Amino acid sequence: MKQVKAKIVSNEQVAPRYYKMRLADRYLADNLKPGQFIEVRCSDGSDPLLRRPFGPHRIFSAKGVFEMLYEVVGRATTALSNKKAGEELDIIGPLGNGFTMAKHAIIVGGGIGIAPLLALAEKMGGGKKSALQVVIGARTKEAILCEKDFKRLGAKVIVMTDDGSYGKKGFTTDALKTLLQTPNSQLLTIYACGPRQMMQAVAELSKEYHVKCQLLLEEYMACGVGVCLGCPVKVRKDLVDHEYKMVCKDGPVFDAERIVW
Ligand SMILES: Cc1cc2nc3c(=O)[nH]c(=O)nc-3n(C[C@H](O)[C@H](O)[C@H](O)COP(=O)(O)OP(=O)(O)OC[C@H]3O[C@@H](n4cnc5c(N)ncnc54)[C@H](O)[C@@H]3O)c2cc1C
Ligand code: FES
């Protein structure tokens with residue numbers, strides 16, 4: 001982990017509330033792994049003071065660059081959206097554990113939660129080297145992200161919208177349940193990131209169908225390095241006891257079966 005000044009190569013709006021930022025930094029591009037995160041100082045002044053966590057969306061080690069896909073939701077992400085190519089960003093990373101790779105996977109992304117899962121799919125070699133199925137969900141058509149990127153990788157993609165304005169009407173977990181009902185689904189690993197309610201439902205399905213499942217938790221964070229105790233998650237210690245782990249230090253990726261909801 002290092003503190004670096006990464007150069008902004010581009011920062012483009014890709015949908016009404018979503019931006020893609022490409023950053024150049026040799027150290028981060030070489031060392032970031034899918035599922036890890038970086039802590040970004042989003043403004044030059046003191047508002048907001050705290051860094052914000054973001055997962056790498058794509059990593060191009062050979063070119064020394066990586067990308068973040070982010071949703072503008074508050075002060076930090078608004079400040080980020082106003083940054084221009086050529087400016088520098090103060091970043092600490094890589095932080096956290098990252099995903100453990102599996103051969104046969106189902107990726108489930110809800111809303112902006114799909115962003116860090118593209119880096120994972122690219123690292124796995126997409127659907128070309130193995131069977132990769134992807135479920136992308138959002139409230140409406142405008143918030144569906146990365147569909148083409150996953151298709152370009154050869155993955156089988158199912159799109160779900162809450163209002164039925166695009167793809168199929170329903171939740172990501174409706175599509176996931178159907179996929180898990182196919183023969184040999186126990187050989188798959190589910191990778192998911194999204195709203196808490198979706199993550200809990202994914203965890204319950206993985207338990208019901210005896211499928212391994214890794215969840216990337218996007219909790220609120222302050223220090224990002226396990227010092228402030230501001231990002232606890234309740235996990236099973238053994239069959240009877242539980243304990244608290246820090247999402248930033250012990251995660252952000254956790255086996256679904258360990259989490260106490
Ligand atoms: C490991 C990790 C990886 C992440 N990766 C990405 C990413 O790739 N792209 C991306 O857009 N965001 C990502 N996030 C979330 C991102 O950090 C927050 O959206 C950002 O901190 C918001 O800052 P803000 O000042 O703009 O908004 P704030 O003013 O802090 O919040 C604005 C609104 O968003 C809500 N909010 C903020 N953070 C969260 C959160 N973590 N969970 C649920 N609601 C929240 C608040 O309740 C509030 O309503 C990630 C978070 C973690 C922990
Ligand atoms: S953010 Fe401080 S302990 Fe996790």
Side-chain angles (χ1 to χ4, degrees), residues 1 6 11-23 28 32-59 66-83 89 91-99 107 109-122 136 138-139 143-146 149 191-200 214-235 243-254 259:
M1 183 241 294
N11 188 25
E12 284 160 13
Q13 189 165 12
V14 293
R17 291 193 322 274
Y18 300 94
Y19 284 74
K20 194 185 281 188
M21 181 180 276
R22 181 172 277 214
L23 290 147
L28 287 176
L32 270 169
K33 288 191 299 197
Q36 288 189 304
F37 68 99
I38 51 175
E39 281 273 87
V40 179
R41 182 171 286 285
C42 297
S43 88
D44 299 329
S46 56
D47 184 30
L49 190 61
L50 292 175
R51 293 172 184 272
R52 295 292 197 267
F54 296 92
H57 171 57
R58 302 187 74 188
I59 305 162
F66 65 98
E67 290 179 356
M68 301 183 334
L69 177 63
Y70 62 96
E71 180 177 6
V72 175
V73 291
R75 286 179 329 213
T77 43
T78 300
L80 212 52
S81 70
N82 291 324
K83 296 275 180 193
L89 272 193
I91 297 176
I92 296 176
L95 296 162
N97 54 359
F99 290 111
I107 282 178
I112 189 64
I114 196 69
L117 298 174
L118 183 64
L120 172 72
E122 289 189 332
I136 305 174
R139 290 212 175 97
I144 292 293
L145 302 163
C146 310
D149 299 304
Y191 296 90
C193 183
R196 192 180 168 88
Q197 227 178 337
M198 181 198 99
M199 299 285 259
Q200 183 172 354
Q214 296 179 39
L215 301 177
L216 197 171
L217 302 185
E218 293 195 336
E219 280 298 322
Y220 294 96
M221 286 184 185
C223 72
V225 289
V227 179
C228 73
L229 308 183
C231 59
V233 57
K234 199 171 174 181
V235 298
E243 61 186 336
Y244 285 92
K245 292 283 180 189
M246 292 303 127
V247 173
C248 64
K249 188 168 69 71
D250 306 304
V253 178
F254 290 87
I259 299 175

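Remember, predicted model here, so these are calculated numbers, not experimental data. Note that ligands are numbered from 1 as they come in the structure, with each ligand's atoms numbered from 1 the same way.
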side-chain hydrogen bond (donor to acceptor under 3.5 Å, both in side chains): which pairs involve residues 215-229, sequence neighbours left out?
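Every candidate side-chain hydrogen bond (donor to acceptor under 3.5 Å, both in side chains) pair involving residues 215-229 fails, so no pair, neighbours aside, qualifies.
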Check whether any side-chain N or O of H57 sits under 3.5 Å from a backbone N or O of E67 as a donor-acceptor pair, and report yes or no.
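Not a single qualifying donor-acceptor pair exists.
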Between Q13 and P16, is there a donor-acceptor pair closer than 3.5 Å when you use the side chain of the first and the backbone of the second?
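Such a contact is found between Q13 side chain and P16 backbone.
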Close-range residues for ligand 1, whose non-hydrogen atoms fall below the 4.0 Å threshold
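The 4.0 Å shell around ligand 1 contains F37, R52, P53, F54, G55, L69, Y70, E71, V73, G74, R75, A76, T77, I112, A115, E218, E219, Y220, M221, P252.
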Test side chain to side chain contact (heavy atoms under 4.5 Å, CB included) on V72 and L80 and set out the steps.
CA-CA 8 Å; V72 175; L80 212 52; over 6 Å; no
Straight-line distance of K33 NZ to N97 CG, nearest 0.5 Å
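With rounding to 0.5 Å, NZ (K33) is 8.0 Å from CG (N97).
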To the nearest 0.5 Å, tell me how far L117 CG sits from D149 CG.
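So the CG of L117 and the CG of D149 are separated by 12.5 Å.
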Parallel, tilted or perpendicular: ring planes of Y19 versus Y70, cut at 30 and 60 degrees:
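Y19 vs Y70 ring planes: parallel.
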Might you work through the salt bridge (charged side-chain N to carboxylate O under 4.0 Å, His left out) test for K20 and E12, ending with a clear yes or no?
CA-CA 5 Å; K20 194 185 281 188; E12 284 160 13; over 6 Å; no
At a cut-off of 2.8 Å, what protein N/O/S atoms sit near atom 4 (Fe) of ligand 2?
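Those protein N, O or S atoms (cut-off: under 2.8 Å from atom 4 (Fe) of ligand 2) are C231 SG, C248 SG.
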Holding to salt bridge (charged side-chain N to carboxylate O under 4.0 Å, His left out), I want the full list of residues that pass it with D250, two or more places apart in sequence or in another chain.
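If we apply the salt bridge (charged side-chain N to carboxylate O under 4.0 Å, His left out) test to D250, skipping adjacent residues, there are no hits.
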